[in-house]
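Comments concern the structure below.
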Amino acid sequence: MFKLLKTEGNARRGEFTCGHGVVQTPVFMNVGTQGAIKGGLSAHDLRNIHCQVELSNTYHLHLRPGDDVVRQMGGLHKFMDWDGPMLTDSGGFQVFSLSGLRKITEEGVTFSSHLDGHRIFMGPEESMRIQSNLGSDIAMAFDECVENPSTREYVKPSCERTLRWLERCKAEHDKLNTLPDTVNPQQMLFGINQGGIYPELRTWHMDQIAQIDCDGFAIGGLAVGEETQVMYDIIDAVEPHMPKDKPRYLMGVGTPSNIIEGVARGVDFFDCVMPARNARHGKLYTWDGTVNIKNEKYKTDPLPIDETCQCPVCQTYSRAYLRHLFASGEMLGMRLAVMHNLYFYNELMARIRAALDAGTFGEFRAKYSQKLEERC
RNA sequence: GGAUGAGUUCCCGAGUGGUUAAAGGGGGCAGACUGUAAAUCUGCUGCGCGAGCUACGGUGGUUCGAAUCCACCCUCAUCCA
């Protein structure tokens, strides 16, 4: 259930309710692919850094420990001790990221496991069954995330197939939700728009999937090779074709600037591995721009990562200490860095929402969209 | 006092006459990362803008040419008195 509270231009302030709580949007979902945030964060940590929605992955959890195991353990919420809203990605991104290890047919995708090479077949029905076993609040449709740029000749039949897959996802999802022993009977389904960098394919595909009764719609297949401006242009093209009364999710995006620009274009949900991965690699976010904490200039810097940041890391530790932890390869360094960056992203969304509430998002965008990308 | 072995660029370490500013590590410095096959990957790492200069313990020598060969010296390690 999505409630649109306020708009400013195309930007939307909303409230999304699912089985595990209410989500204030725009929201950034914190990525825990394998049921854990890389860098050593627990669900308890996620609460402390104001995470609203946790995101995990169908393909990875199917491989290990197995969605049957997760189901037996009471579902992913219980398994990882996260009682808040949760979204599971369908495995569609792995069609892109593991492109050397899979084969696509009308029926679905055969992967060679990146762990041991064994064959795994995943089609729309399999993805839905796995996500049903995981018991997430939002299941994503199984799609093909197509690399950019790909030819129109490739993208057109691909997004037509992704449409057929969505129909199959919807049918299977509805069936699974009514089973007496389903893990999360309130699980919702989001459809995914594809169409590469071709506006007419994108809008055609969006019009088609919008006719299927999904709980929300995502724009997928962006930030996978194209220029940033091309991504924005595609969002601008697709947005008018998206239902106003349902949440929109821009998958896998992005930088703080991408998120601000996405909100400005009418997006409600985001997720990205970037803040966590960058954190593990020493790139940290501040309200003045980014910091590479490994740099020599922070060797004796007594200040926190960001003086204005209220996160548990900035309340306690100096840049010099963080730098030392990275230089020494101490895992605490990564853990603290990830905590900070995810807190920053969650705080970014909170400020975006506050600006929307106050009707000052335009000013916020002007002030921060570029700044947050730059080295400070 | 004697016998062996060893001293290479920030460190370890390869290199036994020219293609060697010197393999490979480490360390250091910097960069990349967008629904996570990533605690990963990529550069740079003697000085100088440059012609070039300075470098393989030291000094001298052999040679067209030496980190590599010779002599002596210094230092270190191990063993014997």
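Letters A, B, ... mirror the listed sequences (proteins, then strands); counts begin at 1.
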Fill in: Base of rG31(B) paired with side chain of N292(A) (donor-acceptor, under 3.5 Å)
no
Item to complete: Starting at atom NZ of K294(A), determine the distance to atom C1' of rA32(B), rounded to an integer number of angstrom.
Response: 10 Å
Item to complete: State the pairing partner of rU78(B); accept Watson-Crick or G-U wobble contacts with both distances under 3.5 Å, and report none otherwise.
Response: rA3(B)
Worksheet entry | N278(A) side chain near rA38(B) phosphate (N/O to OP1/OP2, under 4.0 Å) | no
Worksheet item: With under 30° as parallel and over 60° as perpendicular, where do the rings of F364(A) and F361(A) fit, or are they tilted in between?
Response: parallel
Discussion item. Ring of Y232(A), cation from R265(A) - is the NZ or CZ under 6.0 Å from the centre and inside 45° of the axis?
Written reply: yes
Practice prompt. Give a yes/no on whether any side-chain N or O of R64(A) is located under 4.0 angstrom from OP1 or OP2 of rA37(B).
Written response: no
Practice prompt. Could you work out the separation of rG57(B) and rC41(B) based on their P atoms and round it to a whole Å?
Written response: 35 Å
Worksheet item: Taking atom C1' in both rG50(B) and rC33(B), what distance in whole Å separates the two?
Response: 37 Å
Fill in: Polar side chain donor-acceptor pair, E261(A) to S369(A), under 3.5 angstrom
yes
Discussion item. With rounding to the closest Å, how many angstrom separate the C1' atoms on rC69(B) and rG18(B)?
Written reply: 14 Å
Worksheet item: Does rA38(B) pair with anything, Watson-Crick or G-U wobble, both distances under 3.5 Å, and if so, with which nucleotide?
Response: none
Fill in: Base-pairing assignment for rG46(B) (Watson-Crick or G-U wobble, both under 3.5 Å)
rC53(B)
Worksheet, complete the sentence: When L55(A) and M331(A) are each assigned the nearest nucleotide of RNA chain B, the 5'-most assignment goes to L55(A)
Worksheet item: Just to confirm, is there a sub-4.0 Å distance from OP1 or OP2 of rA30(B) to any side-chain nitrogen or oxygen of N295(A)?
Response: yes
Worksheet item: Which nucleotide sits closest to the side chain of E296(A): rG35(B), rA37(B), rC29(B)?
Response: rC29(B)
Worksheet item: Base, sugar-phosphate alone, or nothing: which one does Q194(A) contact when heavy atoms must sit under 4.0 Å apart?
Response: base
Fill in: Sugar-phosphate, base or nothing in reach of D143(A), heavy atoms under 4.0 Å
base
Worksheet item: For N57(A) and rU36(B), is the shortest distance between a side-chain N/O and OP1 or OP2 below 4.0 Å?
Response: yes
Discussion item. Just the rounded figure in Å: distance from P of rA32(B) to CD1 of I293(A).
Written reply: 16 Å
Worksheet item: Quick one: which of rA38(B), rG35(B), rU36(B) gets closest to the side chain of V31(A)?
Response: rU36(B)
Discussion item. Suppose you measure atom P in rA66(B) against the same atom in rG58(B); what distance do you get, rounded to whole Å?
Written reply: 15 Å
Discussion item. Between rU20(B) and rG26(B), how far apart are the two P atoms, rounded to whole Å?
Written reply: 23 Å
Worksheet item: Is any side-chain heavy atom of F93(A) closer than 4.5 Å to a side-chain heavy atom of V224(A)?
Response: yes
Item to complete: Answer yes when E172(A) and R129(A) have at least one side-chain N-carboxylate O distance shorter than 4.0 Å, and no when they do not.
Response: yes
Discussion item. Can you measure I260(A) atom CD1 to rU34(B) atom C1' for me and round it to whole angstrom units?
Written reply: 15 Å
Fill in: Paired nucleotide for rC33(B) [Watson-Crick or G-U wobble; both distances under 3.5 Å]
none
Worksheet item: Do the charged groups of R168(A) and E107(A) touch, with an N to O distance under 4.0 Å?
Response: yes
Practice prompt. Report the distance from atom CE of M334(A) to atom P of rA38(B), rounded to the nearest whole Å.
Written response: 13 Å
Discussion item. What's Q94(A) touching, base or sugar-phosphate or nothing? Going by heavy atoms closer than 4.0 Å.
Written reply: sugar-phosphate
Worksheet entry | Gap between atoms CG and C1', on N341(A) and rC33(B) respectively (whole Å) | 12 Å
Discussion item. Regarding I192(A), tell me which of base, sugar-phosphate or nothing describes its non-hydrogen contacts under 4.0 Å with the strands shown.
Written reply: base
Discussion item. Once you apply a heavy-atom cut-off of 4.0 Å, does R323(A) come out as touching a base, just sugar-phosphate, or nothing?
Written reply: sugar-phosphate
Discussion item. Using a 4.0 Å heavy-atom cut-off, does N258(A) contact any base of the nucleic acid, only the sugar-phosphate backbone, or nothing at all?
Written reply: base
Response to the item:
Picking from rA32(B), rU34(B), rU36(B), the nucleotide nearest the side-chain atoms of H281(A) would be rA32(B)
Practice prompt. Could you check how far CD of E54(A) sits from P of rU36(B), rounded to whole Å?
Written response: 11 Å
Worksheet item: How about Y59(A) and H114(A): are their ring centroids closer than 6.0 Å?
Response: yes
Worksheet item: Looking only at side-chain N and O atoms, does S97(A) come under 4.0 Å of OP1 or OP2 in rU36(B)?
Response: no
Worksheet item: Contact class for L250(A) vs. all strands (heavy atom < 4.0 Å): base, sugar-phosphate, or nothing?
Response: nothing
Discussion item. Measuring only the C1' atom in each nucleotide, how far is rU9(B) from rC47(B)? A whole number of Å is fine.
Written reply: 13 Å
Discussion item. For a quick test of reading the model: is some side-chain N or O of R277(A) closer than 4.0 Å to OP1 or OP2 of rU34(B)?
Written reply: yes
Worksheet item: Using the C1' atom in both, what is the distance from rC29(B) to rG13(B), to the nearest Å?
Response: 22 Å
Discussion item. Only pairs with both distances under 3.5 Å count, Watson-Crick or wobble alike; so what is the partner of rA14(B) in this structure?
Written reply: none
Worksheet item: Going through the checks in order, is the ring-ring contact (aromatic ring centres under 6.0 Å, His included) test met by F16(A) and F269(A)?
Response: CA-CA 10 Å; F16(A) 175 79; F269(A) 282 62; 5.3 Å; yes
Discussion item. Base, sugar-phosphate or nothing for A218(A)? Non-hydrogen atoms, less than 4.0 Å.
Written reply: nothing
Practice prompt. Calculate the interatomic distance between H62(A) atom NE2 and rA37(B) atom P; express it in whole Å.
Written response: 16 Å
Fill in: Complementary nucleotide for rU9(B) - Watson-Crick or wobble, under 3.5 Å
none
Discussion item. Does G39(A) reach a base, just sugar-phosphate, or nothing at all? Heavy atoms under 4.0 Å.
Written reply: nothing
Worksheet entry | Closest listed nucleotide, where the reference is the side chain of L101(A) and the choices are rU40(B), rU36(B), rA37(B) | rA37(B)
Fill in: Pair assignment for rU59(B), Watson-Crick or G-U wobble, requiring both distances under 3.5 Å
rA71(B)
Practice prompt. Considering only atom C1', compute the distance from rG48(B) to rU42(B) and round it to an integer number of Å.
Written response: 27 Å
Worksheet item: Between atom CG in D271(A) and atom P in rU36(B), what is the gap in whole Å?
Response: 7 Å
Worksheet entry | Salt-bridge present (R64(A), D116(A); N to O < 4.0 Å) | no
Worksheet item: So which nucleotide from rU34(B), rC33(B), rU36(B) ends up closest to the side chain of T228(A)?
Response: rU34(B)
